[in-house]
Amino acid sequence: QETQDVQEATLDDLTWADAIIFGTPTRYGLPTSQLKQFIDTTGPLWATGKLVNKVCSSFTSAATTHGGQESTILALNNTFYHWGALIVGPGYADPIQFQSGNPYGVSFKSDNGQTRPDETALNAARFQGRRVAEVAGQFVKGA
C-alpha cells in the first residue's frame with residue numbers, strides 16, 4: 001500500500017530517458033517476475049535500437065546477507081547488454097563503497113522487510129544515482 005500511488009514506468013519513459021536504473025527485490029537470485037514481465041515488453045524498443053547507448057544501472061535488496069544480491073544485479077545487467085546499453089556500476093569510486101561493499105550496485109539486507117535501509121545503504125544509493133546521472137550527462141553532452 002505504501003507504493004500504490006507511485007506511477008509505474010512505461011516504455012515511453014525508457015525511450016525519452018538518458019539513463020535507466022532498475023531496482024528489484026531478489027527472488028531466488030533473480031529479479032522479480034513483475035520487473036521481468038516489464039522487461040519482456042521492451043522487445044519493440046530493442047528491435048528498433050531505441051535502447052542502444054542508454055546509461056543503465058541496477059540495485060536490489062534481499063532478506064538475507066547471501067540472498068542472491070549480486071546474481072540479481074548481474075541478471076538485470078544481462079538485459080542491458082542485449083539492449084546495447086552502457087552499464088554504470090558504482091565500483092569503488094567513492095569511499096562509501098568500501099562500507100556498503102557491492103561494486104555491482106547497491107544491495108541491502110532487509111531481514112524480510114523488517115529492517116529499513118540504514119545511512120550507509122542510503123548514501124551508497126545516492127552515490128550510485130549521482131554517478132549514473134554524471135556519466136549520462138557526460139555521454140549526452142559528448143564530453
Side-chain angles (χ1 to χ4, degrees), residues 1-64 66-110 112-113 115-143:
Q1 288 192 347
E2 290 180 23
T3 61
Q4 67 185 351
D5 296 325
V6 175
Q7 188 175 358
E8 292 184 11
T10 67
L11 295 182
D12 287 339
D13 293 323
L14 299 183
T15 301
W16 65 257
D18 296 324
I20 299 165
I21 303 176
F22 281 154
T24 180
T26 294
R27 295 293 183 264
Y28 307 108
L30 296 167
T32 61
S33 61
Q34 294 89 337
L35 180 56
K36 180 68 170 79
Q37 185 177 22
F38 176 70
I39 289 169
D40 287 346
T41 69
T42 65
L45 298 179
W46 166 81
T48 56
K50 291 187 173 141
L51 300 170
V52 172
N53 292 337
K54 295 287 183 177
V55 174
C56 294
S57 197
S58 53
F59 65 95
T60 191
S61 65
T64 61
H66 300 290
Q69 291 92 326
E70 289 180 1
S71 63
T72 298
I73 290 170
L74 294 172
L76 283 171
N77 289 354
N78 285 336
T79 298
F80 303 149
Y81 293 126
H82 282 263
W83 288 354
L86 308 170
I87 299 170
V88 175
Y92 289 101
D94 186 271
I96 192 65
Q97 289 305 112
F98 291 95
Q99 294 174 36
S100 70
N102 194 336
Y104 302 102
V106 173
S107 65
F108 178 72
K109 182 182 76 131
S110 71
N112 286 318
T115 304
R116 308 275 307 164
D118 59 13
E119 278 305 305
T120 298
L122 294 172
N123 287 332
R126 290 179 187 109
F127 170 69
Q128 183 174 348
R130 189 170 53 251
R131 180 164 158 69
V132 168
E134 288 171 359
V135 170
Q138 291 172 355
F139 188 75
V140 169
K141 282 188 339 190

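Residue numbers run from 1 in the order of the sequence given. Keep in mind the model is a prediction, meaning the values are calculated, not measured. Side chains are part of it too, since the values below use all heavy atoms of this structure and drop only hydrogens, waters and symmetry mates.
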- State whether the side chain of Lys109 and the backbone N or O of Ala62 hold a donor-acceptor pair below 3.5 Å, judged by distance alone. no

* To do: Please test Asp13 against Thr10 for side chain to side chain donor-acceptor pair (under 3.5 Å), starting from the C-alpha separation and ending with a verdict.
  => CA-CA 5 Å; Asp13 293 323; Thr10 67; 3.3 Å; yes

Original post:
Between Lys54 and Thr15, is there a donor-acceptor pair closer than 3.5 Å when you use the side chain of the first and the backbone of the second?
Top reply: yes

Ring pair (Phe, Tyr, Trp, His ring centres under 6.0 Å) pairs touching residues 1-59, sequence neighbours excluded, are Phe22-Phe80

_Tell me if the CD atom of Gln1 is crowded by more than 12 foreign heavy atoms within 6.0 Å._
no

Between the CD atom in Gln34 and the CZ atom in Arg27, the distance rounded to the nearest 0.5 Å is 7.0 Å

OG (Ser33) and CG (Asp40) are apart, to the nearest 0.5 Å, by 10.5 Å

For Phe108 and Ala121, the nearest pair of non-hydrogen atoms, with its separation, is CD1-CB, 3.7 Å

For Ala124 and Ile96, the nearest pair of non-hydrogen atoms, with its separation, is N-CG1, 3.7 Å

Let me check something: any side-chain donor-acceptor pairs from residues 67-77 under 3.5 Å, sequence neighbours excluded? List them with distances.
unit_1	atom_1	unit_2	atom_2	d
Gln69	OE1	Gly67	N	3.1
Gln69	NE2	Thr64	O	3.1
Gln69	NE2	Thr65	O	3.4
Ser71	OG	Gly29	O	2.9
Ser71	OG	Gly68	O	3.0
Thr72	OG1	Thr26	OG1	3.0
Thr72	OG1	Gly29	O	3.4
Thr72	OG1	Leu30	N	3.3
Thr72	OG1	Gly68	O	2.9
Asn77	OD1	Ser58	OG	3.3

Minimal heavy-atom distance between Pro90 and Phe127, with the atoms involved, is O-CE2, 3.5 Å

Between the CG atom in Leu14 and the CG atom in Leu51, the distance rounded to the nearest 0.5 Å is 6.0 Å

Interatomic distance, CG@Leu11 vs NZ@Lys50, rounded to 0.5 Å, equals 10.0 Å

Arg131 and Val88, any side-chain heavy atoms less than 4.5 Å apart: yes

The single option from Ile87, Val55, Ile20 that satisfies side chain to side chain contact (heavy atoms under 4.5 Å, CB included) with Val132 is Val55

Under 3.5 Å, side chain of Gln99 to main-chain N/O of Thr120, donor-acceptor pair present? no

Arg126 meets the salt bridge (charged side-chain N to carboxylate O under 4.0 Å, His left out) criterion, sequence neighbours left out, with Glu119

Side chain to side chain donor-acceptor pair (under 3.5 Å) evaluation trace for Thr32 with Thr24:
CA-CA 6 Å; Thr32 61; Thr24 180; 3.2 Å; yes

Which is it for Val52 and Trp83 under the side chain to side chain contact (heavy atoms under 4.5 Å, CB included) test, yes or no, and what are the steps along the way?
CA-CA 6 Å; Val52 172; Trp83 288 354; over 6 Å; no

| said: So Asp18 and Phe139, do their side chains get closer than 4.5 Å, heavy atoms only? | reply: no

Looking only at heavy atoms, the pair that brings Ser107 and Asn102 closest together is OG-ND2, 3.2 Å

